[in-house]
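See structure below.
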Amino acid sequence: MHSLRSWAARTLIGVGIAGALGTGAHALAADYDGSPQVAEFVEEMTRDYGFASEQLISLFAEVERKQAILDAISRPAEKVKPWKEYRPIFITDKRIAQGVEFWSKNQAALEKAEAEYGVPPQFIVAIIGVETFYGGNTGSWRVMDALSTLAFDYPPRAPFFRKELREFLLLTREEQVDPITLKGSYAGAMGLPQFMPSSFRAYAVDFDGDGHINIWSNPTDAIGSVASYFKRHGWQAGGQVASRVEVSGARVDEGLTQGLDPIKNVAELRELGWNSQDELAEDLPVTAFRLEGAQGDEYWFGLPNFYTITRYNRSVMYAMAVNQLAELLVEARSKQ
């Protein structure tokens with residue numbers, strides 16, 4: 001996966017740093033040396049999780065505060081794109097073609113994931129395709145730098161990122177990998193499926209049985225981990241994801257779901273003028289939404305598996321992009 005460096009070796013380095021502030025060893029980075037926040041964090045990890053303080057001192061001596069990360073996360077959010085502009089970003093001929101290739105190369109692992117978790121291959125491939133273009137763009141920031149910068153220098157979300165930093169150190173100890181070597185997004189999301197450390201520890205799996213979980217460069221583990229995540233978040237094997245709807249009448253907007261959680265069921269929405277093109281159970285709770293499509297407004301029901309996809313990324317358009325990419329992958333494979 002990545003070069004290993006034992007925590008024991010860090011202990012020796014750490015003693016040198018602790019006893020020789022300002023020396024060449026200390027000059028590795030030193031952005032967080034003397035930080036009260038880091039000292040408190042080291043004490044917590046030592047007290048609650050059995051880390052050696054010298055090892056953590058050694059590690060943080062190599063960590064760099066990244067202003068570019070603070071700039072990126074503080075930047076005002078872009079105007080939300082309408083569906084007609086969002087969809088073409090993810091639904092492209094290249095992403096479909098490379099998805100078909102990824103599927104073919106990893107067919108055995110994908111079939112195993114469907115057998116164990118009930119998640120069809122196209123949805124696993126689509127998630128990895130949307131997240132990282134099948135591993136082509138997994139992030140270039142050192143995860144230790146990203147999480148430390150946000151945990152100690154970004155007050156609005158410091159508690160969240162401090163928790164993720166803790167989870168990251170625990171996972172690197174469990175997987176016996178040097179934390180300074182692992183890379184990810186500027187927010188600390190990792191590997192082909194872009195798991196945050198807490199999601200890694202909760203849902204990632206050693207799908208090839210080699211004794212380690214490697215979602216960075218092992219597609220088999222990444223595939224199993226996405227399937228595990230979906231299963232744990234309520235994926236229903238054989239279930240549909242979304243259903244196109246025709247609308248009529250003056251009460252249509254009353255049916256629109258506020259947020260993502262399904263509040264109304266199919267029968268209640270029919271009373272408001274929403275009629276699905278599929279046969280759905282009357283008492284099925286659905287997410288009802290409208291998208292600004294290239295040919296005009298589109299109305300949809302998001303079914304339980306749609307809601308599961310939104311657990312991965314809390315966005316209706318994200319879930320729709322994954323669903324439609326999945327459908328197009330199946331179509332493209334059928335033409336081979």
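Positions are given from 1, in the same order as the sequence printed here.
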Check: Are V252 and L269 joined in one hydrophobic group, where the rule is that I, L, V, M, F, W and Y side chains link up if heavy atoms are under 4.5 Å apart?
Finding: yes
Notebook entry, point to check: Quick one: does P82's side chain get under 4.5 Å of E85's, heavy atoms only?
Noted result: yes
Note to self: If only side-chain N and O atoms count, and only distance matters, is there a donor-acceptor pair under 3.5 Å linking T138 with T132?
What the structure shows: no
Notebook entry, point to check: Will you find, in the side chains of S74 and D71, an N or O donor that is under 3.5 Å from an N or O acceptor?
Noted result: no
Checklist line | S148 side chain near R65 side chain, heavy-atom distance below 4.5 Å | finding: no
Checklist line | Validation row: R166, F41 side chains within 4.5 angstrom (heavy atoms) | finding: yes
Item checked: Any residue meeting side-chain contact (heavy atoms from CB on, under 4.5 Å) with A151, in chain and number order, not counting sequence neighbours -> F161, R162, L165
Margin query: Quick one: does any side-chain atom of Q240 pair with a main-chain N or O of A242 as donor and acceptor, under 3.5 Å?
Written below: yes
Margin query: Rounded to the nearest 0.5 Å, what separates atom CG in L169 from atom CG in L59?
Written below: 6.0 Å
Note to self: I need the L303 CG to L280 CG distance, nearest 0.5 Å.
What the structure shows: 5.5 Å
Next item on the list: Taking the side chain as every heavy atom from C-beta outward, state whether N265 and L284 have any pair of such atoms under 4.5 Å apart.
Entry: no
Notebook entry, point to check: Do you reckon V42 sits in the same ILVMFWY cluster as L170, going by side-chain contacts under 4.5 Å, direct or chained?
Noted result: yes
Check: Are V286 and I309 in one and the same hydrophobic cluster, where Ile, Leu, Val, Met, Phe, Trp and Tyr link if side-chain heavy atoms are under 4.5 Å apart?
Finding: no
Check: Looking at CG of L329 and CD1 of I124, how far apart are the two atoms once the value is rounded to the nearest 0.5 Å?
Finding: 12.0 Å
Notebook entry, point to check: Do T287 side-chain atoms and D261 backbone N/O form a donor-acceptor pair below 3.5 Å?
Noted result: no
Notebook entry, point to check: Can you list the residues that meet the salt bridge (Lys or Arg N to Asp or Glu O under 4.0 Å) rule with R270, with sequence neighbours excluded?
Noted result: E282
Next item on the list: Taking the side chain as every heavy atom from C-beta outward, state whether I213 and E174 have any atom pair closer than 4.5 Å.
Entry: no
Notebook entry, point to check: Got I89 and K81 here, is their nearest side-chain heavy-atom distance under 4.5 Å?
Noted result: yes
Checklist line | Within 6.0 angstrom of Q277 CD, more than 12 heavy atoms from elsewhere | finding: yes
Note to self: Under 6.0 Å from the ring centre and within 45 degrees of the ring axis: does the NZ or CZ of R157 meet both conditions for the six-membered ring of Y154?
What the structure shows: no
Next item on the list: Let me know which of T220, N214, N218 forms a side-chain hydrogen bond (donor to acceptor under 3.5 Å, both in side chains) with D208.
Entry: N218
Item checked: Pairs where residues 267-286 contributes a residue and the test ring pair (Phe, Tyr, Trp, His ring centres under 6.0 Å) is met, not counting sequence neighbours -> W274-Y299, W274-F301
Margin query: For a quick check under 3.5 Å, do E298 and W300 share a side-chain donor-acceptor pair by atom type?
Written below: yes
Next item on the list: Verify, without hydrogens or angle tests, whether Q37 (side chain) and F152 (backbone) share a donor-acceptor contact under 3.5 angstrom.
Entry: yes
Next item on the list: Would you mind checking if K66 and E64 are paired as a salt bridge, meaning a charged N to carboxylate O distance below 4.0 Å?
Entry: yes
Checklist line | Steps toward side-chain contact (heavy atoms from CB on, under 4.5 Å) verdict (L150, I73) | finding: CA-CA 9 Å; L150 295 169; I73 203 164; 3.8 Å; yes
Item checked: For I263, the rest of its hydrophobic cluster, which grows through side-chain links under 4.5 angstrom -> none
Next item on the list: Using a cut-off of 6.0 Å, state whether more than 12 heavy atoms not belonging to E279 lie near its atom CD.
Entry: no
Notebook entry, point to check: Does the side-chain contact (heavy atoms from CB on, under 4.5 Å) test come out yes or no for I91 and L328, once each step is laid out?
Noted result: CA-CA 9 Å; I91 310 297; L328 290 167; 3.3 Å; yes
Item checked: Short side-chain to backbone donor-acceptor contact, T310 and N313, under 3.5 Å -> no
Check: Hey, what do you get for NZ (K163) to CG (L147), rounding to the nearest 0.5 Å?
Finding: 10.5 Å
Notebook entry, point to check: L182 versus R142: any side-chain heavy-atom pair under 4.5 Å?
Noted result: no
Checklist line | Pairwise ring pair (Phe, Tyr, Trp, His ring centres under 6.0 Å) hits with a residue in residues 112-143, at least two apart | finding: F102-Y134, F123-W235
Next item on the list: Indicate the atoms forming the closest heavy-atom contact of R232 with A202, along with that distance.
Entry: NH1-O, 3.2 Å
Checklist line | Residues forming a side-chain contact (heavy atoms from CB on, under 4.5 Å) with R251, sequence neighbours excluded | finding: E254, L272
Next item on the list: Drop me the distance from S185's OG to I69's CD1, to the nearest 0.5 angstrom.
Entry: 8.5 Å
Margin query: Taking ring pair (Phe, Tyr, Trp, His ring centres under 6.0 Å) as the criterion, tell me which of F168, F200, Y229 meets it with F195.
Written below: Y229
Margin query: Checking side-chain polar atoms at under 3.5 Å, does E167 have a donor or acceptor matched by the opposite partner on S198?
Written below: no
Notebook entry, point to check: With side chains defined as the heavy atoms from C-beta onward, is the minimum distance between D221 and D206 less than 4.5 Å?
Noted result: yes
Checklist line | Exercise: do E131 and Y318 side chains pair donor with acceptor under 3.5 Å | finding: yes
Next item on the list: Establish whether F230 and V316 are linked, either directly or via other cluster members, by ILVMFWY side-chain heavy-atom contacts under 4.5 Å.
Entry: yes
Next item on the list: Answer with yes or no whether the hydrophobic clustering places L260 together with M320; edges join I, L, V, M, F, W, Y residues whose side-chain heavy atoms lie under 4.5 Å apart.
Entry: yes
Check: How long is the gap from CD1 on I180 to CD on E62, to the nearest 0.5 Å?
Finding: 5.0 Å
Note to self: With ring pair (Phe, Tyr, Trp, His ring centres under 6.0 Å) as the test, pick out the partner of H233 among Y203, Y312, F306, Y307.
What the structure shows: Y203
